[in-house]
Amino acid sequence: MVILKTAYKFRAYPSQIQKSRLHHQMSLSKQLCNLLLEQSQKHFKDTGKTFTKYDMNKWITKFKRKNPDFNELHSQVCQNVADRVSKGYKNFFRRIRERKQGKKVRVGFPRFKSYVSSLTYPQDNGFKIERKRISLSKIGRINFVNHREIEGKVKTATIKQTKSQEWYVTISVEKDDVPIFSNNKPQVGMDLGLKEYATLSDGTKISNPRISNKSIDKLKTIQRRLSKKRKGGRNRRLAKIKLARISEHIVRQRGDFLHKTSHNLVNSYSFIAYEELKIANMVKNHNLARQITDVSWGNFIQYLCYKAENAGCKVVGVNPENTSKTCSGCGNIQDIELSERTYLCRRCGLKIDRDLNASINILTTAGLAGSNASGDVVRPQLREAVVVESGTKFGVSR
Ligand SMILES: [Zn+2]
């Protein structure tokens, strides 16, 4: 059985009373989270064992009895806090193991939280979705803009306040038994880049939408002003909100582009292969405008994956080894400088755009494409196993 995980995000408008309840709950949930971290550390020191989710929930029950204030937190929200803390610990121990095996990973102890800006209600008993409202237990019925039909089995609801003080409700769902079919469109390899947003192996280039200079100038001005404001002061707080509002605006514009582009792609192709690690490597830049660009690759792949299923398309990540260095014509491998925009093969003489060459190699690496003598691409077998996306939240799982 195939399960598709998707999430819907809606703008929400809590009332003043609801906002203060939400803030109160977030503060309780922050305290609880830090207490659990503390307990886990203590438990580990005393016994050398992990403080399991079961231990946590038992501890919470006892703790609540002594601290009735915490009864205001919905039990499901508490459980979700425990879930998150225990996940953090599991990741921590996994990374220690990986490091022992010689992998280069950063190992950090789960950190104490200075703030919590979201509450998650797992399963559908702490919340109820109505037409224009979502009713959250212990908070009330919150108005939200329900602009899309919610399809599938509702799993969790998360309410979050952004840095610019806007509220959003995210509802995650699972859809069962989505039929796997092919839209019988062509297949492509896709090279993600800085110069062009994406280059496809059929020669299509998707240009990078420029973030308007106006937005960037504004961003820089406010950032400069912010640095001069007194720490902890009211003006600094207001400037911070303004800054967040502008960057969120840019991110939203970017999101529109990503949604449209991914929608067009999954409806134009039956198979899309991309380079997996490139995305992870690129999210390391300090320039603000670049940061926004960088982050969007991960989101782009997420959007592609969850839109693909219903459009009869398959999205596959491949190992990026040598995709730029290999000649797509004869398979020769030679070094190519980052600055070189054209690949010139020293063996067969092929002269081809650098990104186009890479995208063809990505399709070949996906293992499903073979070029025949006439250069036609052989269509992949779409009825075969579904590819499980690693590293993406909205992948396909079985
Ligand atoms: Zn060649």
Side-chain angles (χ1 to χ4, degrees), residues 104 182-208 261-262 264-266 268-285 290 293-294 296-298 300-301 304-305 308 313-382 384-385 387-392:
K104 274 188 197 158
S182 168
N183 59 20
N184 285 322
K185 303 262 169 78
Q187 55 176 342
V188 277
M190 178 175 73
D191 180 61
L192 296 171
L194 287 175
K195 201 167 158 280
E196 304 287 342
Y197 190 78
T199 304
L200 307 182
S201 56
D202 63 2
T204 310
K205 288 196 178 260
I206 300 165
S207 28
N208 214 337
T261 309
S262 54
N264 288 342
L265 282 175
V266 297
S268 310
Y269 299 99
S270 65
F271 182 88
I272 302 167
Y274 69 94
E275 277 181 303
E276 225 162 24
L277 280 173
K278 193 165 189 175
I279 295 157
N281 287 338
M282 285 204 161
V283 190
K284 274 178 195 162
N285 204 289
R290 272 294 312 280
T293 323
D294 287 351
S296 74
W297 273 305
F300 183 54
I301 298 299
L304 274 178
C305 290
C313 176
K314 199 157 125 177
V315 179
V316 180
V318 303
N319 183 348
E321 207 181 2
N322 290 338
T323 46
S324 313
K325 290 183 182 174
T326 308
C327 169
S328 57
C330 72
N332 176 34
I333 296 177
Q334 64 186 39
D335 282 336
I336 176 167
E337 293 287 325
L338 264 173
S339 57
E340 285 177 66
R341 301 305 313 162
T342 306
Y343 186 98
L344 186 62
C345 181
R346 284 197 282 270
R347 195 161 85 189
C348 72
L350 177 75
K351 196 178 164 192
I352 183 172
D353 174 80
R354 177 206 177 92
D355 299 336
L356 181 59
N357 183 57
S359 63
I360 296 171
N361 288 331
I362 291 167
L363 182 57
T364 315
T365 313
L368 291 147
S371 285
N372 61 24
S374 63
D376 291 337
V377 177
V378 178
R379 188 154 293 146
Q381 294 284 312
L382 270 136
E384 58 164 45
V387 173
V388 178
E389 283 301 324
S390 55
T392 51

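Nothing fancy with the numbering, it's 1 onward along the sequence. Values below: every heavy atom of this structure, side chains too, minus hydrogens, waters and symmetry copies. Counting convention: from 1, in listed order, for ligands and their atoms alike.
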Under-4.0 Å salt bridge between D353 and R341: no
Distance-only donor-acceptor check, side chains S328 and N357, under 3.5 Å: yes
Beyond-backbone contact of V266 with K185, side-chain heavy atoms, under 4.5 angstrom: no
Close side-chain approach of R354 to S324, heavy-atom, < 4.5 Å: yes
Validation row: L192, M190 side chains within 4.5 angstrom (heavy atoms): yes
Student check: side-chain heavy atoms of T261 and Y197 closer than 4.5 Å: no
Residue and atom, protein N/O/S, under 2.8 Å of the Zn ion (ligand 1): C327 SG, C330 SG, C345 SG, C348 SG
